[in-house]
Undergrad: 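Dropping the structure in here first, questions after.
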Amino acid sequence: MDCLCEIIHCLVGSAVAALIVVLLVAHLTAGMVDLKRHEKETLFPTSTGEKEPFPSLHDPSSLVLSVIVPAYNEELRMPVMMEEAMGYLENRQKQQPLFTYEVIVVDDGSSDQTTEVALRYTRKYGADKVRVLTLVKNRGKGGAVRMGTLSSRGKLILMADADGATKFADVEKVEAGLHDVNIKPENMAISCGSRAHLEEEAVASRSRFRTFLMYGFHFLVWFFCVRGIKDTQCGFKLFTREAALKTFSSLHVERWAFDVELLYIAQCFKIPIAEVAVNWTEIEGSKLVPVWSWLQMGRDLVFIRLRYITGAWRLESPRKTD
């Protein structure tokens, strides 16, 4: 019996020591909110090649909708998405003259011709409708979305993936979701596109190992960060301008798990969140490496919660970027 008690004490002591080590690592390796941008990232090229300064998310809105498209080495996949998006947006503007929009393509330090491909649409539609923000170095998808959002003019702000996996016309579905939640009195709300309704079909086509990783990731999301949202990772999310300012000003994670931190921040601020089923098709050429990316995201999920618990990260008041 004494031997058993000793073993239990050793196991408990080891677990406590391991937890302390994890807490220290999470706290000491925490990066701060980085809203600084290179001088080149403050300007966008017009259709004639001149440079003009981006506006700020802190400014009042001047358009109905801003679409933020993060793009890293997307010269091949982005044209399909842009053709669909611009076709929808142009047609909607013809039918609804009061509807105004902009698309901001954020080239996240690509090594291919992503910027040049995006600029073709600036030359075709004008810089008031299509703007290109080229980041000097790769920040990660979350960093790219944030930089584009902080440069936007829309009353509503939509993040949409460059691969076109989500049918763009489904923006009307997420807009309806936004209107279904209570956005008063501060006009804050988020509407998330969701693929949860497709999960059963996806599981049937995946290996057991990938299915295990997926369910493990869902559990970590639920346990550490976000509850009540079945699909946190769909790259089709709509924000009111006020909700975007509140959440993106506090965002720390700039890579794959940034969606989770955004929704965690939103729930901390009690911002209403709707989840809406959207059409989604898997597109070849994903930058996500199945095993390694899932492990990175799992680590980030644990660290997100621990860093807020230890005070390494705090919810920020919206502030101007440099």
Undergrad: Aromatic rings Y125 and Y121: how do their planes relate, parallel, tilted or perpendicular, breaks at 30° and 60°?
TA: parallel

Undergrad: Side-chain contact, heavy-atom cut-off 4.5 Å: T240 with L178?
TA: yes

Undergrad: Relative to F248, does R146 satisfy both conditions: NZ or CZ under 6.0 angstrom from the six-membered ring centre, and within 45 degrees of the ring's axis?
TA: no

Undergrad: Are L119 and L89 connected in a single hydrophobic cluster, I mean Ile/Leu/Val/Met/Phe/Trp/Tyr linked by side-chain heavy atoms less than 4.5 Å apart?
TA: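 No, L89 and L119 fall in different hydrophobic clusters.
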
Undergrad: How about CD on Q96, more than 12 heavy atoms from neighbouring residues, nucleotides or ligands closer than 6.0 Å, or not?
TA: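 Yes.
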
Undergrad: Would you say that more than 12 heavy atoms from the other residues, nucleotides or ligands in this model lie under 6.0 Å from the CD of Q113, or not?
TA: no

Undergrad: When you measure from the centre of the six-membered ring of F99, is the NZ or CZ of R92 under 6.0 Å away and within 45° of the axis?
TA: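 Judged by the rule, R92 and F99 form a cation-pi pair.
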
Undergrad: Would M188 and F269 show up in the same hydrophobic cluster when neighbours are defined by side-chain heavy atoms closer than 4.5 Å?
TA: yes

Undergrad: Tell me whether L35 is reachable from I68 by hopping between hydrophobic residues (I, L, V, M, F, W, Y) whose side-chain heavy atoms are closer than 4.5 Å.
TA: yes

Undergrad: Y264 vs Y308 aromatic rings, parallel, tilted or perpendicular, using cut-offs 30° and 60°?
TA: tilted

Undergrad: In this structure, which one of T134, N138, T115 forms a side-chain hydrogen bond (donor to acceptor under 3.5 Å, both in side chains) with D107?
TA: T115

Undergrad: First locate atom CD1 of I309, then atom CD1 of I304, and finally report the distance between them rounded to the nearest 0.5 Å.
TA: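 Spacing of CD1 (I309) from CD1 (I304) equals 12.0 Å.
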
Undergrad: Look at K230 together with E275 and state whether they make a salt bridge at an N to O cut-off of under 4.0 Å.
TA: no

Undergrad: Using 30° and 60° as the class boundaries, would you call the ring planes of W313 and H252 parallel, tilted or perpendicular?
TA: parallel

Undergrad: Give me the one residue out of D259, D170, D231, D161 that meets salt bridge (charged side-chain N to carboxylate O under 4.0 Å, His left out) with K237.
TA: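 Answer after filtering D259, D170, D231, D161: D259.
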
Undergrad: Can you name the nearest heavy-atom pair linking L158 to L238, along with the distance?
TA: CB-CD1, 3.8 Å

Undergrad: Taking 4.0 angstrom as the limit, do E261 and R255 come out as a salt bridge?
TA: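 Salt bridge flag = no for R255 with E261.
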
Undergrad: Any heavy-atom pair between the side chains of M159 and V69 that's under 4.5 Å?
TA: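 No - every pair of side-chain heavy atoms lies 4.5 Å or more apart.
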
Undergrad: If we only count heavy atoms from C-beta on, is the L263 to I273 side-chain gap below 4.5 Å?
TA: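 Yes, close enough: below the 4.5 Å cut-off.
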
Undergrad: Do S47 and K124 have side-chain heavy atoms sitting under 4.5 Å apart?
TA: no

Undergrad: Any salt bridge linking E254 with K141? Criterion: basic side-chain nitrogen under 4.0 Å from a carboxylate oxygen.
TA: no

Undergrad: Sub-3.5 Å donor-acceptor pair from the side chain of T122 to the main-chain atoms of T46, do we have one?
TA: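 Flag not set: sc T122 to bb T46 has no pair under 3.5 Å.
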
